[in-house]
Amino acid sequence: MTEPPVVAAGRAPKPARFYKADRYSADESVGYLMRRVLSGMAQATDSRLEPHGLTNAQWVPLFKLRIGAAVTVAELARECQADAGSMTRMLDRLEAKGLCRRVRSTADRRVVNIELTQEGEKAADKVTPAIAEVLNSYLAGFTRAEWDTLKDLLRRMLGNADAVRQSNPVRDVR
């Protein structure tokens, strides 16, 4: 694959001109197609994890805890792209199932750490096989080169999104 163009730090690349407002069709929208794929993957993963008593909303935080992406409630909420209130309610449900426990930090009483229980670790260990199975089923018929290209293209889109965010910081409107 060719190298993406180098963009100066903090400057967004020049926008493409693929879409026109007067000819826009959701069926041809990259965003719409990605959303459909992601939605289908989430549903398929839910189906595979349902026998283990896990929903999409539950397996994501368990997975994040298992891989060490977060150890506090605040970190987990950020990692799961959830607000603190919804994360607290989710943790209530996970604790009720015996999958995790909240432990107040001894160094800073304001900080609440989260630990997986032994049952939580077992449940979290079911997640990656389910995800791998779903992803592989969605990639049926792709060659390794096509898979690599798809990942490269998605990374380029993410890089463009980061550059756009950096060049258009949110302004304080007070």
Side-chain angles (χ1 to χ4, degrees), residues 1-2 4 12-13 15-70 73-100 114 116-117 119-165 168:
M1 182 166 176
T2 61
R17 302 270 184 234
F18 300 126
Y19 295 100
K20 304 281 185 206
D22 61 338
R23 291 182 300 220
Y24 176 79
S25 168
D27 292 342
E28 295 300 317
S29 166
V30 170
Y32 174 75
L33 295 169
M34 287 191 299
R35 186 162 192 75
R36 284 192 55 204
V37 168
L38 288 174
S39 178
M41 286 178 175
Q43 289 173 353
T45 304
D46 271 355
S47 294
R48 282 168 180 75
L49 291 171
E50 184 179 24
H52 305 292
L54 296 175
T55 66
N56 184 59
Q58 293 170 344
W59 69 255
V60 172
L62 285 178
F63 175 72
K64 296 287 186 179
L65 289 167
R66 186 67 165 135
I67 64 171
V73 175
E75 289 171 349
L76 188 59
R78 270 191 304 277
E79 280 290 318
C80 295
Q81 299 177 350
D83 63 81
S86 65
M87 184 53 60
T88 297
R89 290 186 296 278
M90 175 54 60
L91 290 171
D92 289 343
R93 288 189 289 279
L94 292 173
E95 273 188 310
K97 287 183 167 190
L99 301 176
C100 71
I114 311 161
L116 289 176
T117 63
E119 285 302 310
E121 289 179 8
K122 288 178 189 173
D125 288 343
K126 308 268 190 235
V127 173
T128 51
I131 292 171
E133 185 180 333
V134 168
L135 289 171
N136 285 329
S137 69
Y138 271 67
L139 292 165
F142 281 59
T143 65
R144 180 164 292 278
E146 289 170 331
W147 176 59
D148 287 335
T149 298
L150 176 61
K151 292 186 300 179
D152 288 342
L153 294 171
L154 291 171
R155 285 187 194 107
R156 279 180 58 191
M157 286 182 76
L158 289 170
N160 287 344
D162 288 343
V164 168
R165 256 192 314 281
N168 297 317

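Since we're looking at a predicted model, the values are computed, not measured.
- The two atoms that bring Asp125 and Arg66 nearest to each other are OD1-NE, 2.8 Å, heavy atoms only.
- Annotation: the span from Arg78 atom CZ to Asp83 atom CG amounts to 13.0 Å, rounded to 0.5 Å.
- Heavy atoms only, all atoms of each residue included: Trp147 and Leu139 are closest at CD1-CD1, 3.5 Å.
- A salt bridge does not link Asp92 with Arg89: every distance from a Lys NZ or Arg NE/NH1/NH2 to an Asp or Glu carboxylate oxygen is 4.0 Å or more.
- Nearest heavy-atom pair, Thr45 versus Ile131, reported as atom, atom and distance to 0.1 Å: CG2-CG1, 4.2 Å.
- A donor-acceptor distance shorter than 3.5 angstrom exists from the side chain of Tyr19 to the backbone of Glu28, with no hydrogens or angles considered.
- Minimum heavy-atom separation, Gly98 to Thr117: O-OG1, 2.5 Å.
- For the atom pair Met41 CE and Ser137 OG, the distance stands at 7.5 Å (nearest 0.5 Å).
- Between the side chain of Arg156 and the main chain of Asp152, no donor-acceptor pair closer than 3.5 Å is present.
- Here OG1 of Thr128 is found 11.5 Å from CD of Glu133. Values are rounded to the nearest 0.5 Å.
- With Lys126 contributing its side chain and Leu54 its backbone, the two residues share no donor-acceptor pair below 3.5 Å.
- When the side-chain contact (heavy atoms from CB on, under 4.5 Å) test is applied to Glu79, the partners found at least two apart in sequence or on another chain are Lys64, Ala69, Ala70.
- A donor-acceptor pair under 3.5 Å is formed between the side chain of Asp46 and the backbone N or O of Asn56.
- By the side-chain hydrogen bond (donor to acceptor under 3.5 Å, both in side chains) test, Ser29 pairs with Tyr24, sequence neighbours left out.
- In terms of heavy-atom proximity, Met87 sits nearest to Leu76 at SD-CD2, 3.7 Å.
- The distance from the CG atom of Leu94 to the CH2 atom of Trp59 is 13.0 Å, given to the nearest 0.5 Å.
- Note: Asp148 CG to Lys151 NZ = 5.0 Å, rounded to the nearest 0.5 Å.
- Between Met157 and Leu153, every side-chain heavy-atom pair lies at or beyond the 4.5 Å cut-off.
- Heavy atoms of other residues, nucleotides or ligands lying less than 6.0 angstrom from CD of Glu50 number 12 at most.
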List the steps and the verdict of side chain to side chain contact (heavy atoms under 4.5 Å, CB included) for Arg35 and Leu38.
-> CA-CA 5 Å; Arg35 186 162 192 75; Leu38 288 174; 5.8 Å; no
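- We find the CZ-CG distance between Arg165 and Leu158 to be 8.0 Å, quoted to the nearest 0.5 Å.
- With contacts defined as side-chain heavy-atom distances shorter than 4.5 Å, the pair Leu99/Gln58 does not qualify.
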Report the C-alpha distance between Leu150 and Glu146 in whole Å, list the side-chain angles of each, state the deciding distance to 0.1 Å, and finish with yes or no for side chain to side chain contact (heavy atoms under 4.5 Å, CB included).
-> CA-CA 6 Å; Leu150 176 61; Glu146 289 170 331; over 6 Å; no
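- Contact between Cys100 and Glu95 at its shortest, heavy atoms only, is O-CG, 3.1 Å.
- Using a distance-only test at 3.5 Å, with no hydrogens or angles considered, a donor-acceptor pair links the side chain of Thr149 to the main chain of Ala145.
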